[in-house]
Amino acid sequence: MSAYLVSVVTTGAITAILCLGVNVSWGWVGQLDLAFYVYVALGAYFASVLQLPPSKPQSGLTYAYILGFRWPFPLAVIGASVAGAIASGIVGYLALRRIRSDYIAIITVVTALMASAVLGQDSSIFGGQIGVYGLTQPFNSLLKLGSTGFSYFYMVLMLVCLAAVYGLVQLLYRSPFGRSLRAVREQETAAAAFGCNLFSLRLRAYVVGGTIGAFGGALFVNYLAAWNPSSWSIFEVVLILSGVVVGGRGNALGVIVGSALVLSAIPELTRLVPVFGGGSAAGPAIAALLSSLLIILVLRFRPLGLIPERKTTVPRVPGTGNGQHEAGHHQAVDEADAPAGKAERR
Amino acid sequence: MTGPAGAPGQPDAAGQQAPGANLLEVVDIRKHFGGVKAVDGCSFTVGRGQLVGLIGPNGAGKSTVVEMLSGSVAPDSGKILFDGQEIGGLAPHEIFRKGIARCFQLAKVWPLLTVIENLLIAAPQQGMDTIRAALFRRPGLRQQDRRNRERALAVMEQYGLISVCNDYAYTLSGGQKRLLEFARIAMCEPQLALLDEPMAGVNPVLQVQIEKGISSLLASGATVLLIEHNLAFIERLCHEVIVMVNGRVAAIGQMADLRQDTAVQSAYLGAVNV
């Protein structure tokens, strides 16, 4: 496997983790979180400043960052994830007190813009526009691998992390907690009337998503070795949401596939487009066009995504086919209650 | 979720409440939407283990009363006492946990959850719907989960839903969705069931099933407050009937007596073919 492919798989695994994070609050509960990349950035920043040595004042520069604890990689990743949990808990507490989804979108977009402005302009928290840099390769002081060997090692580590996050979200999704979240998404008035605490459930889902985002950010910065405001913007979250839409909201496997398509395959394949018209921006422009086209086609022909959310069947239920028959076999369907994608297909 | 009260006419397990004592007491509740006085000083009581009908012309405020009793809408003023405790203004999930469950005027199921999942949401959770419980499933919770599944199967059998138990709820017919709502209420074993026009748009065969469902709820010890325009049905089943007109209680009594009440006749009964 070439170094290029190793790089694509590594970043693909990390972006898939991010997509799984945003899928918890958006795919499971239906709350549009435009601040998601703030938690990714916070995870990256906190992982950096927890691993780096204390910042030293430099003559003529007002550059500094907080903490500087020289923590080892695993502790720093945990610390960064906790930071993401706390930050998403605070934002979620403010945004989710009112239940309307447009209210959530407004609060989260304002949060993203504020965080971007503050962390970009204040050079004493995370180094301002310069950001944080100088991270060493995790575990490599022990492993002493060469550049290529470390790339392989980190790729495998990221795939293991992706598998762990996938296992975690599947466990949550299939649990009574996940079931309650889906009930809130499907019909919140009935969910509340049958004992679901809407605010508490939404907040917990939001924090789980934010924590996974920060975890992904911590892994990302250890791959990039640096992080600054140009690494994150509100546009990034749109790309991640696109991956979720294409793959299938709510379905973890679909989300990974969508992430691989929208965030890895299309951008990488369009790099092969030859430079023409006197500009080198043809590849990214075509990637953006193809991604947009893919989203439109998916929304038109497979509105629930390439791999839609699957039924969670209850095991060992006798005499019913145990959930093997597909949705749609019952002829008498009330259009009003059908989810949008299903109704359109009929 | 509180367990069921004792069967009608019988003392409950704890023996703390005398049979027939009021389970629900509504005192002078009001709800105005802008200039519209949807409920304007409504007071009534519902005895434990009774099936009480709530009737009246459209716009009388019946559904708003149910919305207030279930916590979907907070009353502007007045008191709602359930089992002696004030519940007015509590959130819907808090009211549910006190033992009040409801069905909606238009059936509200969770379409992308299967039928059995629809029932399991209504089952006693006892801390199962937490992240910690999902990650570290203690034996007690596993047993509760198993009990809930067994109960869900029994309830689906009772309501004729067993053959569709693992189908998405959105694939059910309108009548099946109504049955699913009843099964959901049966699943949570409420002390008080609020039923908002359960017969609306339902065919005669299904009406019989729903009537059986209501009888079954009563037999399990639940108290039922029923909004319904089918007066023959109300007369056949209800112990007592409350007539609402213009946001207020116009009369309370047996249906046979209410038919003779001229005020009730002019406000409601005279307008319908009974």
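A, B, ... follow the sequence lines: proteins, then strands. Residue 1 opens every chain. Note that the coordinates shown come from a computational prediction; the quantities given were computed from them, not determined experimentally.
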**Report entry** CH2 on B/Trp110 to SG on A/Cys196, rounded to 0.5 Å
**Finding:** 6.0 Å
Query raised in the report: CG/B/Asp129 to CG/A/Leu201 distance, rounded to the nearest 0.5 angstrom?
Result: 6.0 Å
Query raised in the report: Which atom names give the shortest non-hydrogen contact between A/Phe177 and B/Thr130, and what distance separates them?
Result: CB-O, 3.8 Å
**Report entry** Nearest non-hydrogen partners of B/Leu113 and A/Glu186, listed with the distance
**Finding:** CD1-CG, 4.0 Å
Query raised in the report: Out of curiosity, B/Phe96 CZ to A/Asn197 CG, how far, rounded to the nearest 0.5 Å?
Result: 13.0 Å
Query - Between OG on residue A/Ser180 and CD on residue B/Glu117, distance to nearest 0.5 Å - result: 10.0 Å
Report task. Measure across B/Phe104 and A/Thr189 and return the closest heavy-atom pair with its distance rounded to 0.1 Å. Result -> CE2-CG2, 3.8 Å
**Report entry** Heavy-atom side-chain contact between B/Leu120 and A/Arg179 under 4.5 Å
**Finding:** yes
Query raised in the report: How long is the span from the CD atom in A/Glu188 to the NZ atom in B/Lys108, to the nearest 0.5 Å?
Result: 10.0 Å
Report task. Under 4.5 Å heavy-atom distance to chain B, tell me which part of A/Arg185 shows up: side chain, backbone, both or neither. Result -> side chain
**Report entry** CD1-CD distance between B/Ile121 and A/Gln187, expressed to the nearest 0.5 angstrom
**Finding:** 12.5 Å
Query raised in the report: Are A/Arg204 and B/Ile131 close enough that some pair of their side-chain heavy atoms sits under 4.5 Å apart?
Result: yes
Report task. Mark yes when over 12 heavy atoms from residues, nucleotides or ligands other than B/Phe33 sit less than 6.0 Å from its CZ; otherwise mark no. Result -> yes
**Report entry** Residues, nucleotides or ligands: over 12 heavy atoms within 6.0 Å of B/Leu106 CG
**Finding:** no
Query raised in the report: Just wondering, do B/Arg184 and A/Phe194 contact through their side chains at under 4.5 Å, heavy atoms?
Result: yes
Report task. Answer with side chain, backbone, both or neither: which region of B/Leu135 has an atom nearer than 4.5 Å to a non-hydrogen atom of chain A? Result -> both
Query raised in the report: Which pair of heavy atoms, one from A/Ala193 and one from B/Pro92, lies closest together, and at what distance?
Result: N-CB, 4.1 Å
